[in-house]
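A quick note: this is a predicted structure, and the numbers were derived from the prediction, not measured. One is the number of the first residue; the rest follow in order along the sequence.
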Amino acid sequence: MKPVALLGLAFGVLAGSIGAMAESAEALLRQRRLPEAQQAFEERIRTRPDDAEAHHQLGRLALARQEYEAAMPALEKAVSLEPEEPGYQFHYGAACLQHADQLGMTLRALSLGRRGRNAMVRAVELAPDNVEFRQGLIEFYLRAPSIVGGSVEKARDQAEALRRIQPREGAIALASVHLRTKEPEAAFALYAEWLDRAPDDFQVLYLTGRASADTGLHPERGVSSLRRCLELTPPPRAVGHATVHFHSGRILQQQGDFDGARAAYRAALALEPAHGPAQASLEALPP
């Protein structure tokens, strides 16, 4: 990355304290001034090489850029300095697993996969009530091959544990396990149970619709759930309305309503012209 000057000054000539330097770096991060934050954390490490949090933040910045191999040394250093910090373990595990995905089925990928799994397990052990850590570990267990520790049963155990901590997130995670194990009715039951409590939960409505599109089951429920999503504002980090339209189109197409599907795919593309799946599905429809 090309260096970016921090506020036009060089840290080496500042008379401020290490504490002020730390505050400046983290303030830049909060302000999303990421190139400047990168330089600030690098300067912190030059001044104080054993600053575990600075190494951690440099690793997270690399993760945000999807530079997983570059993230690993910084995160590994943070873990070596403070092995009992769960966030360091979790993000190091995430970097290992993401880079393993990039490498495919190689010996190094298998080694990284196991290393990432161990770090994520340790993060959950250190912070058992942390929802994000359990969600990450569940995703690993569901996606990873058994040779590196993937396990549907371990995913189920973690989902049940998460359900005791956060009922909503646990129900969503357990539904994912049921879908993976070809038990879709159990997943639909979990979604319906939650929607009885919170009828306008955007994410659960969306997941209901997507599960209908994926399985071909309960098409009326799927379409009505997705239509309700379109009446709601997506919460932060949720899918947008374009993706909602796309899955509506999939259900309608499965039902033989090609005109309805065509309208849904076009609505998705009107909101997001680069939505590749919607474009491909629209082109594949019969005239």
Side-chain angles (χ1 to χ4, degrees), residues 86 89-91 93-94 96-98 100-101 105 109-110 112-199 201-219 221-222 224-226 229 234-235 237-239 243-244 246-247 250-251 254 277:
Q89 293 280 0
F90 179 78
H91 292 119
C96 290
L97 295 173
Q98 294 281 12
D101 271 351
M105 289 298 291
L110 295 176
L112 286 173
R114 296 187 185 102
R115 199 184 308 172
R117 173 203 62 200
N118 292 342
M120 284 197 160
V121 168
R122 184 60 181 148
V124 170
E125 290 173 348
L126 291 168
D129 292 342
N130 187 289
V131 172
E132 180 188 5
F133 297 170
R134 284 199 186 268
Q135 288 172 326
L137 187 55
I138 291 165
E139 183 178 358
F140 165 78
Y141 282 138
L142 285 178
R143 291 181 54 198
S146 59
I147 194 171
V148 294
S151 166
V152 170
E153 288 310 311
K154 288 182 179 180
R156 192 188 306 275
D157 291 344
Q158 289 295 330
E160 292 286 8
L162 179 56
R163 202 175 179 191
R164 292 190 289 272
I165 300 164
Q166 289 286 348
R168 175 185 180 275
E169 284 70 17
I172 290 171
L174 189 56
S176 295
V177 175
H178 287 314
L179 290 169
R180 181 64 178 267
T181 56
K182 309 300 183 185
E183 303 169 289
E185 293 296 355
F188 280 109
L190 285 167
Y191 294 147
E193 179 184 342
W194 187 258
L195 289 171
D196 283 343
R197 304 186 198 182
D201 187 312
F202 183 97
Q203 184 181 7
V204 179
L205 287 166
Y206 165 73
L207 290 171
T208 300
R210 190 181 72 181
S212 177
D214 289 343
T215 64
L217 298 173
H218 306 294
R221 188 192 308 182
S224 65
S225 297
L226 293 171
C229 283
R237 301 173 66 182
V239 302
T243 298
V244 174
F246 167 66
H247 289 298
R250 292 177 64 208
I251 298 172
Q254 291 166 10

Partners meeting ring-ring contact (aromatic ring centres under 6.0 Å, His included) with Phe90 (sequence neighbours left out):
Phe133
If I take atom CD from residue Glu132 and atom CG from residue Asn130, how far apart are they, to the nearest 0.5 angstrom?
6.0 Å
Shortest non-hydrogen contact from Gly209 toward Ser225
N-CB, 4.3 Å
Tightest non-hydrogen contact, residues Ile165 and Pro128, listed as CD1-O, 3.1 Å
For the student: nearest non-hydrogen atoms of Gly216 and Pro219, plus distance:
O-CD, 4.1 Å
Sequence neighbours left out, what passes ring-ring contact (aromatic ring centres under 6.0 Å, His included) with His178? Give chain and number order.
none
Under the side chain to side chain donor-acceptor pair (under 3.5 Å) test, which residues partner Glu139, sequence neighbours left out?
Arg143
Residues forming a side chain to side chain donor-acceptor pair (under 3.5 Å) with Gln98, sequence neighbours excluded
none
Minimum heavy-atom separation for Leu112 to Leu97, with atom names?
O-CD2, 4.4 Å
Quick one: which residue pairs count as a side chain to side chain donor-acceptor pair (under 3.5 Å) with a foot in residues 187-198, not counting sequence neighbours?
Trp194-Asp201
Quiz: residues 145-163 side-chain donor-acceptor pairs under 3.5 angstrom, not counting sequence neighbours:
from   : atom 1 : to     : atom 2 : distance (Å)
Ser151 : OG     : Glu153 : N      : 3.4
Ser151 : OG     : Lys154 : N      : 3.0
Gln158 : OE1    : Arg134 : NH1    : 2.5

At their closest point, which heavy atom of Ala187 faces which heavy atom of Ala175, and how far apart are they?
CB-O, 3.6 Å
Are any of the side-chain heavy atoms of Gln89 and Met120 separated by less than 4.5 Å?
no
Which residues satisfy the ring-ring contact (aromatic ring centres under 6.0 Å, His included) test with Tyr206, sequence neighbours excluded?
His247
To the nearest 0.5 angstrom, please state how far the OG atom of Ser212 sits from the CD1 atom of Ile251.
3.5 Å
Are any of the side-chain heavy atoms of Leu205 and Leu226 separated by less than 4.5 Å?
no
Starting at CD of Gln203, measure out to SG of Cys229 and round the result to the nearest 0.5 Å.
10.0 Å
Checking Asp129 now: which residues fulfil salt bridge (Lys or Arg N to Asp or Glu O under 4.0 Å) with it, not counting sequence neighbours?
none
Once you round to the nearest 0.5 Å, how far does CG of Leu174 lie from CD of Glu169?
13.0 Å
Keeping to residues at least two apart or across chains, list the side chain to side chain donor-acceptor pair (under 3.5 Å) pairs with something in residues 112-123.
Glu84-Arg122, Tyr92-Arg115, Arg122-Glu125
Taking the side chain as everything from C-beta on, heavy atoms only, tell me whether Val244 gets closer than 4.5 Å to Phe202.
yes
Are any of the side-chain heavy atoms of His218 and Glu185 separated by less than 4.5 Å?
yes
Output for pair (Leu179 CG, Asp214 CG), nearest 0.5 Å, gives 7.5 Å
Given side chains that start at C-beta, do those of Arg210 and Val239 come closer than 4.5 Å, heavy atoms only?
no
